[in-house]
A.B. asks: 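Dropping a structure here in structure tokens format, bear with me for questions.
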Amino acid sequence: MSAPPFDRTIRVGLLGCGVVGSEVLRLLTEQADEITARVGAPVLVAAVAVRSPHNYPAVDPSLLTTDSAALAADPTIDVVIEVMGGLEPARELLLTALNRGAGVVTANKALLAAHGPELYEAADASGANLYFEAAVAGAIPLIRPIRESLAGDRISRIMGIVNGTTNYILSAMDASGDSYDDALAEATRLGYAEADPTADVEGFDAASKAAILASLAFHTRVSVDDVHREGISQVSAAVIAAADEIGCTVKLLAICERVSDGSGERISARVHPVMLPRTHPLASVNGAYNAVYVEAEAAGKLMFYGPGAGGAPTASAVMGDLVTVARNKLVGGRGPRESAYADLPLQPIGDVPTMYHISMDVDDRAGVLAQVAKCFADHGVSISTVRQQGTGNDATLVVVTHTGVDSALAATVNELGEMTAVRKVNSVMRVANAE
Ligand SMILES: NC(=O)C1=CN([C@@H]2O[C@H](COP(=O)(O)OP(=O)(O)OC[C@H]3O[C@@H](n4cnc5c(N)ncnc54)[C@H](O)[C@@H]3O)[C@@H](O)[C@H]2O)C=CC1
Ligand SMILES: N[C@@H](CC=O)C(=O)O
Ligand code: NA
């Protein structure tokens, strides 16, 4: 290859060298010549901050450091890649890097969803680049299409599967009847799960991603605390079987919508499991794959699909950002700033229209069905189907509702739980439409 056009080197500091960081290091090493050609200057790793250098025998010892603060502050480092995860010290370190004008590439959705505005402000103040394609849906190009390709359109809805770990667990339980615990252990072994997998299974990771997507799509600051969140830890084999009986599979969905109702224009951001008809395109997205629909006024419906977790796929997104930031460093460009001008209010979960699937153990005697039906009617909730399974002490009623507002459905479930004729509410899950 001919000599690169720029007579300088882009020096990179890596914060963290785990599942993602080690793959970034591998790609930077193995593809060094091609990256140089694409950027126009060599891109070299100058330092790698880790906790225990002796755990990295394959990494050049002269690069390893335990002093992550010095790495972030080092004026000779042009781009800091943060793949250590967690809020602190990642926040502090990235602020240090951005304040001195270094480019930052991060995969840390938890940090962005909690402290995004602070990071953007630091980037604006110094003119630094802040890129985070890896933070949502791993390898899938999604942030860039939303921030840049669709910047001239009006996004109305984003809906999809954005957590690989939970999708891996739900797919395994659905397809092969694997236990929840075995499937989670395998997802962790494969490098999909967060350092604390509670973040995955309780929906925090997907909620962080929903916050990032909603912020970008609706030009409004949405933090993780604004996102209604329910995880999958209550999804048992019985719930998966109940979904199957009505032609559905269970998926954890992130849904970000622009809604216009009596209260004017608002946005809804929520993460929860749903029973999804098997005919829905997202129902066949399995394993650690992610898939996200983006609906925009002029573009129509777009679907993004691909590996949403794992070391190499996530490193691919990090590398794409690194090349962009390195190019910007050489020619003086900058990535998009925060866009929060619309400042739309949030729609509370109680106002969201939804359908419920409710399974409850009931007394099998005359009048019980009428009492249950009355409870739904009292809350203005219309029943779509009702089915009794078993008799006597084994009688279970399965009710699927028509669409009602979530608060009315939740109040119905509360009251059912207090009725003497209802021995136990076994499960409650939202049901999605077929499209
Ligand atoms: N694994 C995946 O599939 C994906 C991960 N991400 C994000 O990428 C980031 C990294 O994830 P993984 O590589 O999976 O995690 P990991 O736990 O495998 O790696 C993180 C590494 O950073 C090190 N580290 C943590 N704090 C440190 C500190 N203060 N100083 C030095 N080293 C420190 C840890 O020892 C560990 O080796 C997280 O923010 C995660 O949410 C994003 C997309 C996908
Ligand atoms: N733990 C996350 C990793 C990618 O963001 C997931 O399972 O999706
Ligand atoms: Na991505």
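Throughout, numbering of the chain's residues begins at 1 and tracks the sequence. Counting starts at 1 for both ligands and their atoms, following the listed order.
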A.B. asks: Can you check which of P313, A107, G16, S68 brings a heavy atom nearest to atom 8 (O) of ligand 1?
C.D. replies: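 Minimum heavy-atom distance to atom 8 (O) of ligand 1 goes to A107.
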
A.B. asks: Where on Y56 is there a heavy atom closer than 4.0 Å to ligand 1, on the side chain, on the backbone, on both, or on neither?
C.D. replies: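 Under 4.0 Å from ligand 1, Y56 contributes side-chain atoms alone.
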
A.B. asks: Which residue and non-hydrogen atom of the protein lie closest to atom 7 (O) of ligand 2, and at what distance in Å?
C.D. replies: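 For this ligand atom, the closest protein heavy atom is T165 OG1, 2.6 Å.
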
A.B. asks: Heavy-atom distances under 4.0 Å decide this one: backbone, side chain, both or neither, for P89 against ligand 1?
C.D. replies: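 The answer is the side chain of P89.
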
A.B. asks: Taking atom 25 (C) of ligand 1 as the point of reference, which of R51, K109, K209 owns the nearest heavy atom?
C.D. replies: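 Among R51, K109, K209, the closest heavy atom to atom 25 (C) of ligand 1 belongs to R51.
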
A.B. asks: Please list the nearest protein heavy atom to atom 17 (O) of ligand 1 with its residue and the distance rounded to 0.1 Å.
C.D. replies: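 Sorting protein heavy atoms by distance from atom 17 (O) of ligand 1 puts A195 CB, 4.3 Å first.
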
A.B. asks: Does Y356 have R430 sitting over its ring (NZ/CZ under 6.0 Å from centre, angle to axis within 45°)?
C.D. replies: no

A.B. asks: What protein heavy atom is closest to atom 18 (O) of ligand 1, reported as residue, atom name and distance in Å?
C.D. replies: V19 N, 2.9 Å

A.B. asks: Nearest heavy-atom pair of V162 and D205: which atoms, and what distance?
C.D. replies: O-OD2, 4.2 Å

A.B. asks: Under a 4.0 Å threshold between the charged nitrogen and the carboxylate oxygen, would D174 count as salt-bridged to R278?
C.D. replies: yes

A.B. asks: If we ignore hydrogens and angles and just use 3.5 Å, is the side chain of R327 paired with the main-chain N or O of L322 as donor and acceptor?
C.D. replies: no

A.B. asks: For atom 21 (C) of ligand 1, what is the nearest protein heavy atom, given as residue, atom name and distance?
C.D. replies: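 Of the protein heavy atoms, G18 N, 3.8 Å lies nearest.
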
A.B. asks: Measure the distance from atom 10 (C) of ligand 1 to every protein heavy atom, then report the residue, atom name and distance (to 0.1 Å) of the closest one.
C.D. replies: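 I find the closest protein heavy atom is V83 O, 3.3 Å.
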
A.B. asks: So V222 and I267, do their side chains get closer than 4.5 Å, heavy atoms only?
C.D. replies: yes

A.B. asks: Counting only heavy atoms closer than 4.0 Å, does ligand 1 sit against the backbone of T314, its side chain, both, or neither?
C.D. replies: side chain

A.B. asks: Hey, which atoms in ligand 2 end up nearer than 4.0 Å to a heavy atom of N163?
C.D. replies: 2 (C), 6 (C), 7 (O), 8 (O)

A.B. asks: Tell me whether A193 has any N or O atom under 3.5 angstrom from an N or O of ligand 1.
C.D. replies: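 The answer is no, given that A193 and ligand 1 share no N or O pair closer than 3.5 Å.
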
A.B. asks: Any idea which protein heavy atom is nearest atom 31 (C) of ligand 1, and the distance to it?
C.D. replies: V50 C, 3.5 Å

A.B. asks: Are side-chain N/O atoms of D361 and N426 paired as donor and acceptor at under 3.5 Å?
C.D. replies: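 Side chains of D361 and N426: pair found under 3.5 Å.
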
A.B. asks: With no hydrogens and no angle check, just 3.5 Å: does a side-chain donor-acceptor pair link Q347 and E265?
C.D. replies: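 Absent: no donor and acceptor within the cut-off.
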
A.B. asks: T220 and L344: which non-hydrogen atoms are nearest, and at how many Å?
C.D. replies: OG1-N, 3.0 Å

A.B. asks: Identify, by atom number and element, the atoms of ligand 2 in contact range of D200, meaning under 4.0 Å from any of its heavy atoms.
C.D. replies: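 The list of qualifying atoms is 1 (N), 2 (C), 6 (C), 7 (O).
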
A.B. asks: Can you list the atoms of ligand 1 that are under 4.0 Å from a heavy atom of G310?
C.D. replies: 2 (C), 3 (O)

A.B. asks: Can you list the steps and then say if D67 with T65 is a side-chain hydrogen bond (donor to acceptor under 3.5 Å, both in side chains)?
C.D. replies: CA-CA 5 Å; D67 195 346; T65 174; 5.5 Å; no

A.B. asks: Could you tell me if R144 sits above the aromatic ring of Y131, with its cationic atom closer than 6.0 Å to the ring centre and no more than 45 degrees from the axis?
C.D. replies: no

A.B. asks: How far is atom 41 (O) of ligand 1 from the closest protein heavy atom, and which atom is that?
C.D. replies: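 Atom 41 (O) of ligand 1 sits closest to the protein heavy atom E194 OE1, 2.6 Å.
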
A.B. asks: Evaluating non-hydrogen atoms only, which member of A195, S208, G310, G164 is closest to atom 8 (O) of ligand 2?
C.D. replies: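 That would be G164.
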
A.B. asks: Does the side chain of E23 come under 3.5 Å of the side chain of T314 through a donor N or O and an acceptor N or O?
C.D. replies: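 No donor-acceptor contact under 3.5 Å links the two side chains.
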
A.B. asks: Strictly distance-based, threshold 3.5 Å: is any side-chain N or O of R337 a donor or acceptor partner for the main-chain N or O of Y120?
C.D. replies: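 Such a contact is absent between R337 side chain and Y120 backbone.
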
A.B. asks: Closer than 4.0 Å to some heavy atom of K209 - which atoms of ligand 2 meet that?
C.D. replies: 2 (C), 4 (C), 5 (O), 6 (C), 8 (O)

A.B. asks: Provide the tally of protein N/O/S atoms nearer than 3.0 Å to the Na ion (ligand 3).
C.D. replies: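 N, O or S atoms of the protein closer than 3.0 Å: 5.
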
A.B. asks: Say whether S179 and D181, considering side chains only, have a donor N or O and an acceptor N or O under 3.5 Å apart.
C.D. replies: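 Per modelled atom types, S179 and D181 side chains form no pair under 3.5 Å.
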
A.B. asks: Would you say Q234 has more than 12 foreign heavy atoms packed within less than 6.0 Å of its CD?
C.D. replies: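 No - once you tally the heavy atoms of other residues, nucleotides and ligands closer than 6.0 Å, there are 12 at most.
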
A.B. asks: Nearest to atom 39 (O) of ligand 1, what protein heavy atom do you find, and at what distance?
C.D. replies: G85 CA, 3.2 Å

A.B. asks: Are any side-chain N or O atoms of D178 and backbone N or O atoms of A183, one a donor and one an acceptor, separated by less than 3.5 Å?
C.D. replies: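 No; judged by distance alone, with no hydrogens or angles, the pair does not exist.
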
A.B. asks: With heavy-atom distances below 4.0 Å as the criterion, list the atoms of ligand 2 near Y192.
C.D. replies: 1 (N), 2 (C), 3 (C), 6 (C), 7 (O)

A.B. asks: Is E297 salt-bridged to R157, going by a charged N under 4.0 Å from an acidic O?
C.D. replies: no

A.B. asks: Among protein heavy atoms, which sits nearest to atom 4 (C) of ligand 2, and what does the distance come to when rounded to 0.1 Å?
C.D. replies: K109 NZ, 3.3 Å

A.B. asks: At less than 4.0 angstrom from any non-hydrogen atom of A309, what atoms of ligand 1 do you find?
C.D. replies: 3 (O)

A.B. asks: What do the steps show when you test K209 against N290 for side-chain hydrogen bond (donor to acceptor under 3.5 Å, both in side chains), and what is the final call?
C.D. replies: CA-CA 12 Å; K209 291 165 176 169; N290 285 185; 4.9 Å; no

A.B. asks: Please state whether G308 comes within less than 4.0 angstrom of ligand 2, counting heavy atoms only.
C.D. replies: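 Distance cut 4.0 Å: G308 passes for ligand 2.
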
A.B. asks: At a non-hydrogen distance cut-off of under 4.0 Å, which region of T166 contacts ligand 2 (side chain, backbone, both, or neither)?
C.D. replies: neither

A.B. asks: Within less than 4.0 angstrom of ligand 1, does G191 place any heavy atom?
C.D. replies: yes

A.B. asks: To check your reading of the model: name the closest protein heavy atom to atom 24 (N) of ligand 1, its residue, and the distance in Å.
C.D. replies: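 Answer, as residue, atom name and distance: M84 CB, 3.8 Å.
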
A.B. asks: Going by an N to O cut-off under 4.0 Å, is there a salt bridge joining R266 and E257?
C.D. replies: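 Looking at R266 and E257, the cut-off is not met.
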
A.B. asks: Under 4.0 Å from atom 15 (O) of ligand 1, can you find at least one protein heavy atom?
C.D. replies: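 No, no protein heavy atom sits under 4.0 Å from atom 15 (O) of ligand 1.
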
A.B. asks: Taking only heavy atoms of A134 into account, list the atoms of ligand 1 that are under 4.0 Å away from them.
C.D. replies: 42 (C), 43 (C)

A.B. asks: Determine the minimum heavy-atom distance between H357 and V400, stating which atoms define it.
C.D. replies: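 Heavy atoms only, the tightest pair is CD2-CG2, 3.8 Å.
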
A.B. asks: Please list, in number order, the atoms of ligand 2 under 4.0 Å from a heavy atom of E194.
C.D. replies: 1 (N), 2 (C), 3 (C)

A.B. asks: Are the side chains of I81 and D321 in touch, meaning some heavy atoms are under 4.5 Å apart?
C.D. replies: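 No, their side chains stay 4.5 Å or more apart.
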
